[in-house]
**Student:** 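Before I ask anything, let me first share the structure, which is written out below as structure tokens.
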Amino acid sequence: MPSKCWCYADPKEESLVHLFFTSNAARSVWNYFLRRAGIALEGLSIHQAITKCWTAPVVPRLKPVLQALPACIVWELWKRRNSFKYREAVSVSRVIYQVSSTMQALVQLKKPGLHVPNKWLDLLTMMEQYTPRLKYEKVLWEFPPRGWIKVNTDGACRGNPRRSSIGFCIRDKVGDLIYAKGREISEGTNNESKTVAIVEALKMCKNLNYFQIWLQTDSLLLKNIIEESWKPPWCINDHVEEILRLNEQSIIKVTHIFREGNTLADHLANYALDEGNIECHGFWDMDSKGRRIINEDKMQCPYIRVKVLH
């Protein structure tokens, strides 16, 4: 015998479609949220209603909100069904309130600095009219002290894990290029490529007899691992051990730099994937874009880092 649904009015066979979409309670909940989002529910199946939520022509910041909506509605309808089963009545208004509260919490999690309204229509209006506050920060490539060389490293990965490459450059106290390299390596993750870049850069410094090294990476993870304040993931443990061995043979200062200040190493890593391997023993061995980056860093042209506050 098929199970009977827990609708008080006109109970029917309990099916997924009836429970989550065609029952009176489900239709009321779906209609409340979709109508206010500009989606007409009439004539739609549950699959079509979910598709409409995912493909609705709304501003980009509203897309993840609408995409999360069907899951929240289905979850609250399921909770309501179980409450009825165990003799605890839950009204449709309560379901609507719970869905609205969940959507409010999701938006608040993504934008903690905002006051997010609970009412669904107010939330949609706020998200449509929302203008993010931006923070602008000047980032400079810094010259190394006298007697030191500066090493910038980076890795690129197209797919994580997929095709990977490394890039690093060595510059002196006035910003002149000593050596640079970009080459494709075996497939791996982003962290693996950034770690291999540091290993190869330190080996090259040793070959060139440089032992006072300012190492800069845009990976805060690797900076803390090299300083031994964080433990490395197992996949890069062997490379990290090699870095620590090389570290013992030189005086190495490791700092984190934003990606905007690590432009030359980033360019070398991407050049290796897009154009092919590159090795430079001086300024004129570099491609035109690389030469421009070197000159801009020497002239202390700032890079502007833009961050959304909330």
**Student:** Show your reasoning for whether side chain to side chain contact (heavy atoms under 4.5 Å, CB included) applies to L106 and C72.
**Tutor:** CA-CA 10 Å; L106 288 173; C72 293; 4.2 Å; yes
**Student:** How about K52: does its NZ atom have over 12 heavy atoms from other parts shown lying under 6.0 Å from it?
**Tutor:** no
**Student:** Please answer whether the main-chain N or O of Y32 pairs with a side-chain N or O of R36 as donor and acceptor at a distance below 3.5 Å.
**Tutor:** yes
**Student:** Do you know which two heavy atoms are closest between R80 and A25, and how far apart they sit?
**Tutor:** NH1-CB, 3.4 Å
**Student:** Using atom types as modelled and distance alone, determine if a side-chain donor or acceptor of S23 lies under 3.5 Å from a backbone N or O of H18.
**Tutor:**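 Looks like yes, one N/O pair under 3.5 Å.
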**Student:** Would the distance check show the side chain of Q300 and the main-chain N or O of W141 forming a donor-acceptor pair, the cut-off being under 3.5 Å?
**Tutor:**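 Present.
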**Student:** Let me confirm one number: the OG1-CG distance from T125 to L121, rounded to the nearest 0.5 Å.
**Tutor:**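 These two atoms lie 4.5 Å from each other.
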**Student:** Which heavy atom of K173 sits nearest a heavy atom of F143, and at what distance?
**Tutor:** O-CD2, 3.4 Å
**Student:** Any sub-3.5 Å donor-acceptor pair from W230's side-chain atoms to N224's backbone N or O?
**Tutor:** no
**Student:** Can you pull the salt bridge (charged side-chain N to carboxylate O under 4.0 Å, His left out) pairs that have at least one residue in residues 138-155, sequence neighbours excluded?
**Tutor:** D154-K194
**Student:** Roughly how far apart are I293 CD1 and H267 NE2, rounded to 0.5 Å?
**Tutor:** 5.5 Å
**Student:** For T195 and H239, work out which heavy atoms get closest and say how close.
**Tutor:**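 In this case the closest contact between T195 and H239 is CG2-CB, 3.4 Å.
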**Student:** Using only atom types and a distance under 3.5 Å, with no angle test, would you say the side chain of S193 pairs donor to acceptor with the backbone of N191?
**Tutor:** no
**Student:** Does R162 CZ have over 12 foreign heavy atoms under 6.0 Å away?
**Tutor:** no
**Student:** Should V151 and M204 count as side-chain neighbours, where that means a heavy-atom distance under 4.5 Å?
**Tutor:** no
**Student:** Give the ring-plane orientation class for F20 versus W78, where under 30° counts as parallel, over 60° as perpendicular and anything between as tilted.
**Tutor:**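 Ring orientation, 0 to 90° scale: tilted.
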**Student:** Treating Q108 as the side-chain partner and L114 as the backbone partner, does any N or O pair qualify as donor plus acceptor under 3.5 Å?
**Tutor:**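 Here the side-chain-to-backbone pair exists.
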**Student:** List the atom of G261, the atom of N152, and the distance in Å for their closest heavy-atom pair.
**Tutor:**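 Closest approach of G261 to N152: O-ND2, 4.2 Å.
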**Student:** R305 side chain to E260 main-chain N or O, any donor-acceptor pair under 3.5 Å?
**Tutor:** no
**Student:** So how far is it from T51 OG1 to I46 CD1, rounded to the nearest 0.5 Å?
**Tutor:**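 One gets 10.5 Å once the value is rounded to the nearest 0.5 Å.
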**Student:** Would you say the side chain of F211 lies within less than 4.5 Å of the side chain of Q249, judging by non-hydrogen atoms?
**Tutor:**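 Side-chain contact under 4.5 Å: no.
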**Student:** Any side chain to side chain donor-acceptor pair (under 3.5 Å) involving residues 273-283? Give me the pairs, sequence neighbours left out, ordered by first then second residue.
**Tutor:** R158-D274, Y179-E279
**Student:** If you round to the nearest 0.5 Å, how far is CZ of R94 from NZ of K79?
**Tutor:** 8.5 Å
**Student:** Side chain to side chain contact (heavy atoms under 4.5 Å, CB included), that's the test. Do I236 and I225 meet it? Break it down for me.
**Tutor:** CA-CA 10 Å; I236 61 172; I225 287 173; 4.1 Å; yes
**Student:** Which heavy atom of R163 sits nearest to which heavy atom of E184, and what is that distance?
**Tutor:** NE-OE2, 3.0 Å
**Student:** A49 and L44: which non-hydrogen atoms are nearest, and at how many Å?
**Tutor:**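 Here A49 and L44 meet closest at CA-CD1, 4.2 Å.
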**Student:** Side chain of R259, backbone of D218: donor and acceptor closer than 3.5 Å?
**Tutor:** no
**Student:** Verify side chain to side chain contact (heavy atoms under 4.5 Å, CB included) between N118 and Y97, making sure each step is shown before the conclusion.
**Tutor:** CA-CA 8 Å; N118 178 267; Y97 173 80; 3.8 Å; yes
**Student:** Say whether, by atom type as modelled, one donor and one acceptor occur between the side chain of S250 and the main chain of I252 under 3.5 angstrom.
**Tutor:** no
**Student:** Ignoring hydrogens and angles, tell me if any N or O in the side chain of E76 forms a donor-acceptor pair with the backbone of V99 under 3.5 Å.
**Tutor:** no
**Student:** Could you state the interatomic distance from CG (L268) to OG1 (T263), rounded to the nearest 0.5 Å?
**Tutor:**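 Between atom CG of L268 and atom OG1 of T263 there are 11.0 Å.
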**Student:** Could you tell me if the side chain of I39 sits less than 4.5 Å from the side chain of F33, heavy atoms only?
**Tutor:**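 When only atoms from C-beta onward are counted, I39 and F33 do not touch, as no gap falls below 4.5 Å.
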**Student:** Please determine whether salt bridge (Lys or Arg N to Asp or Glu O under 4.0 Å) holds for the pair E200 and K203, giving the CA-CA distance in whole Å, both sets of side-chain angles, and the decisive distance to 0.1 Å.
**Tutor:** CA-CA 5 Å; E200 294 217 2; K203 284 182 176 178; over 6 Å; no
**Student:** Would V107 end up clustered with W75 when hydrophobic side chains under 4.5 Å apart are linked, directly or stepwise?
**Tutor:** yes
**Student:** E228 versus L244: any side-chain heavy-atom pair under 4.5 Å?
**Tutor:**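 Yes, their side chains come closer than 4.5 Å.
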**Student:** Only distances under 3.5 Å count here; give the side-chain donor-acceptor pairs of residues 165-172 to other protein atoms, sequence neighbours excluded, each with its distance to 0.1 Å.
**Tutor:**
residue	atom	partner	partner atom	Å
S165	OG	A269	O	2.5
R171	NH1	D297	OD2	2.9
D172	OD1	V174	N	3.1
D172	OD1	G175	N	3.1
D172	OD1	D176	N	2.9

**Student:** As a quick check of understanding, evaluate salt bridge (Lys or Arg N to Asp or Glu O under 4.0 Å) for K307 and E137, giving each step before the final call.
**Tutor:** CA-CA 8 Å; K307 182 180 179 182; E137 188 174 354; over 6 Å; no
**Student:** Side chain to side chain contact (heavy atoms under 4.5 Å, CB included) for L208 and I149? Distances and angles first, verdict last.
**Tutor:** CA-CA 11 Å; L208 296 173; I149 52 102; over 6 Å; no
**Student:** Can you tell me if NZ on K206 sees more than 12 non-hydrogen neighbours from other groups inside 6.0 Å?
**Tutor:**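 No - once you tally the heavy atoms of other residues, nucleotides and ligands closer than 6.0 Å, there are 12 at most.
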